Amino acid sequence: MGNHRGQRPPAPDAATTVHLASLLQSCGRAGDLRRGRRLHARLVLTGAAAASTFLANHLITMYSHCADPASARRLFDEMPRRNAVTWTALVSGLARNGAHGEALAAFAAMRRAGGATTQFALSSAARAAAALAAPLHGAQLHCVSVRLGFDTELFVASSLADMYSRCGLLSEAFRVFDEMPQKDAVAWTAMIDGYAKNGRLHAAVLAFLDMRREGLVGADQHVFCTVLSALGGLKDGRLGGSIHCCVMKAGFELEVAVRNALADMYAKAMDLDNASRVLKIDPGGWNVVSGTSLIDGYIETDCVEEALGIYVELQRKGIEPNEFTFSSMIKGCAMQALLEQGAQLHAQVIKTNLIKDSFVDSTLVDMYGKCGRINLSIQLFNEIEYLTDIAWNAVINVFAQHGHAKEAIRAFDRMICSGIRPNHITFVSLLTACSHAGLVDEGLKYFYSMKDTHGIEPKEEHYSCIIDMYGRAGRLDEAYKFISEMPIKPNAYGWCSLLGACRMRGNKELGELAAQNLMKLEPGNTGIHVSLSGIYASLGQWEDVKAVRKLMRDRSIKKLPGFSWVDSNKKTHVFGSEDWSHPQKKDIYEKLEELTTRIKEEGYIPDTSILPCNLEDIAKERILRYHSERIAVAFALISMPATKPIIVKKNLRICADCHTALKFISKVEKRDIIVRDNSRFHHFVNGRCSCGDYW
DNA sequence: ATAGGGTTAG
């Protein structure tokens, strides 16, 4: 060995050793690497580092705690004598600093070296296996623990339980947990969080209540954070409120993380009043995490103004927005199609150098797509350096929403080729793309490949995509056969798709079935009756139309009015059907008249058959002409520079007649018109629509 | 001397 040059220096006396060790410990606790390095140099000079394994072990630990695992490793390699603590300090230091693979390798080397395997090293190695989601490694560690009698030891067992639940093996986790003779708050947290992270939110809350019932262990801040997070997922503000009481009684209300978890729980339960109250307990309540939770809560409840208010407030308080804040804000712009604000946030993201965050850049891809700017969206996607599954999902979804199924499929193929594994969200987008373009065979192929090739069990949303696909293609019998043979019941989206398809095809029996099921799932859905009466109207069954109308009156159900939005001169203008409240109504009306005349010359014939009422055709034509999307387009044509594309957002599906009219308008006006309805995009260019009239 | 758990996003 190269270390045995000359005489071994004398080891320092016991008192000096203890003193030096405590100095090293304090460096580690403070994370003071500079002072730690100076001490190290002193120990090398005096020869103490080489002479005392005890002090060298302390040095390794100091470096690990100061986030310098490379120095720890170097020191380890140079040590002439290593004991079990030396090995343990190396393994845990690597795991602590995120070098999980190296930690597992070091653990294996420790075993090969033949010294004692400590419970400390075992729990560190289990932590590394958990971080790597490596259940096979983890199970081996479990075996070693059993052989050495450590498998029920507090630290080893709780890290093994955590490892199993992070690998999705909840029953294994529970078995380890159950066999612990005594459990502390850490063990309970691992278990509660294990349930929550595996989607068993109720079980997580029940585990918390079990812990309280047993009464042996008091909940600490970690326990409260975990259970509050689970309650947020359940959107249960009432139960959350009672946990809030427990938090106050236990005296954790002012802990930052607990308070963040409380604010987030209330925000997710859409109780924004209580969420903001948590922040106002004292001035320290405002931080980037709680602020972002509040912003996201407002975004999710469609209160963009309030979200923006919080965003401004954060900056006023000198709290810098982080990648979470930006992705929530950008998501809000995407939901409301606020292109200008979204682009401003994009600029901020570049300025703060958060553009490399995969959540943020994927949200930007989504935002540009949802604002109708597919080219910007794709351009941004192409500039992303490290493509993650999130980014791929975003771009596939953008293609799907815009009806570019072939591109969506090509992106999916590229995703697979680049070695990124698709997840269930990927398939929702891919199947949507196939559905929106009428690629039934491809869609079915991908649907069946989910389980066979990719090992992903299709969920209700995937089944609903297939129902939608058959429905849009007019293959209603196959849709019904598919529903009958499904292992689960269709969700509301599935029945809604079927109902819409039945309306397009005038299928009364299946339409009534879909309506009945949808009513059970969404009693407040106003579209059901409208669609049903549409089916009857298309069949000329006016008595049935009247009956539905009466039903709607009796249950005081109102038709959801159609609205269209268009941004012009940095202002959003909203139009309703036959809505003439706009200050420029006279000009808009004249433009609309002019357009109608010109497109009729081009061959436009109003399609009055789609209206569900028994009116004279002249009256029907008037209704069609004043649909909100047409008013919005007429307004955009007279108010926007000719170079800008017109982007109209709708809260309902675009009607067939407006679709035809807008094709003609795009031709006679030589303008690109983009309509985002409630399910997808239509790009009208020179008399054609990107959907190819299939939607 | 060396060890385990928590809060914000698609």
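Quick note on labels: first sequence line is chain A, next is B, and so on, each numbered from 1. Model, not experiment: these values are computed from the prediction.
- Every residue meeting the side chain to side chain donor-acceptor pair (under 3.5 Å) condition with A:H402, not counting sequence neighbours, appears here in chain and number order: A:H683.
- Residue A:A130 is classed as having no contact, given no heavy-atom separation below 4.0 Å to the nucleic acid.
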Bracket notation of DNA chain B in which parentheses pair within the strand, [ ] cross earlier pairs, and | pairs with another strand (Watson-Crick or G-U, under 3.5 Å) = ..........

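- Legend: salt bridge (charged side-chain N to carboxylate O under 4.0 Å, His left out) pairs involving residues 89-107 of chain A, not counting sequence neighbours, sorted by first then second residue: A:R73-A:E102.
- Nearest heavy-atom pair across A:L24 and A:L59 is CD2-CD2, 3.6 Å.
- Across all strands shown, A:E153 has heavy atoms under 4.0 Å from base atoms, whether or not it also approaches the sugar-phosphate.
- Ring centers of A:W392 and A:F412: at least 6.0 Å apart, outside the cut-off.
- Using a 4.0 Å heavy-atom cutoff across all strands shown, A:N83 reaches at least one base atom of the nucleic acid.
- Heavy atoms of A:R259 sit nowhere under 4.0 angstrom from any nucleic acid atom.
- Across all strands shown, A:N397 has no heavy atoms under 4.0 Å from either base or sugar-phosphate atoms.
- Using a cut-off of 4.0 Å between Lys/Arg side-chain N and Asp/Glu carboxylate O, A:E179 and A:R175 are scored as not salt-bridged.
- Note on A:I425: nothing from the nucleic acid sits closer than 4.0 angstrom, heavy atoms only.
- Evaluation of the side chain to side chain contact (heavy atoms under 4.5 Å, CB included) rule for A:T88 yields A:M110, A:T118, A:F120, A:A121 as partners, not counting sequence neighbours.
- Among the heavy atoms of the strands, none lies under 4.0 Å from A:D366.
- In this structure, A:L154 reaches the bases: a heavy-atom distance under 4.0 Å links it to at least one base atom across the strands shown.
- Using a 4.0 Å heavy-atom cutoff across all strands shown, A:T363 reaches no nucleic acid atom at all.
- Using a 4.0 Å heavy-atom distance criterion, A:K183 is classed as making no nucleic acid contact.
- Of all non-hydrogen atoms in A:V365 and A:V398, the two that sit nearest each other are O-CG2, 3.7 Å.
- As judged by a 4.0 angstrom heavy-atom cut-off over every strand, A:S293 is placed among residues touching the sugar-phosphate backbone only.
- Here the side chains of A:F150 and A:F155 are not in contact, with every heavy-atom distance at 4.5 Å or above.
- A:N57 comes within 4.0 angstrom of a nucleotide base, judged by non-hydrogen atoms across all strands.
- Between chain A and DNA chain B, the heavy-atom contact criterion of under 4.0 Å yields a 5' to 3' nucleotide range of B:dA1 to B:dG10.
- Using a 4.0 Å heavy-atom criterion, one finds that A:V223 contacts the bases of the nucleic acid, with or without backbone contacts as well.
- By the salt bridge (charged side-chain N to carboxylate O under 4.0 Å, His left out) test, A:K183 is found to be paired with no residue, residues two or more places apart in sequence or in another chain being considered.
- Residue A:T118 is classed as having no contact, given no heavy-atom separation below 4.0 Å to the nucleic acid.
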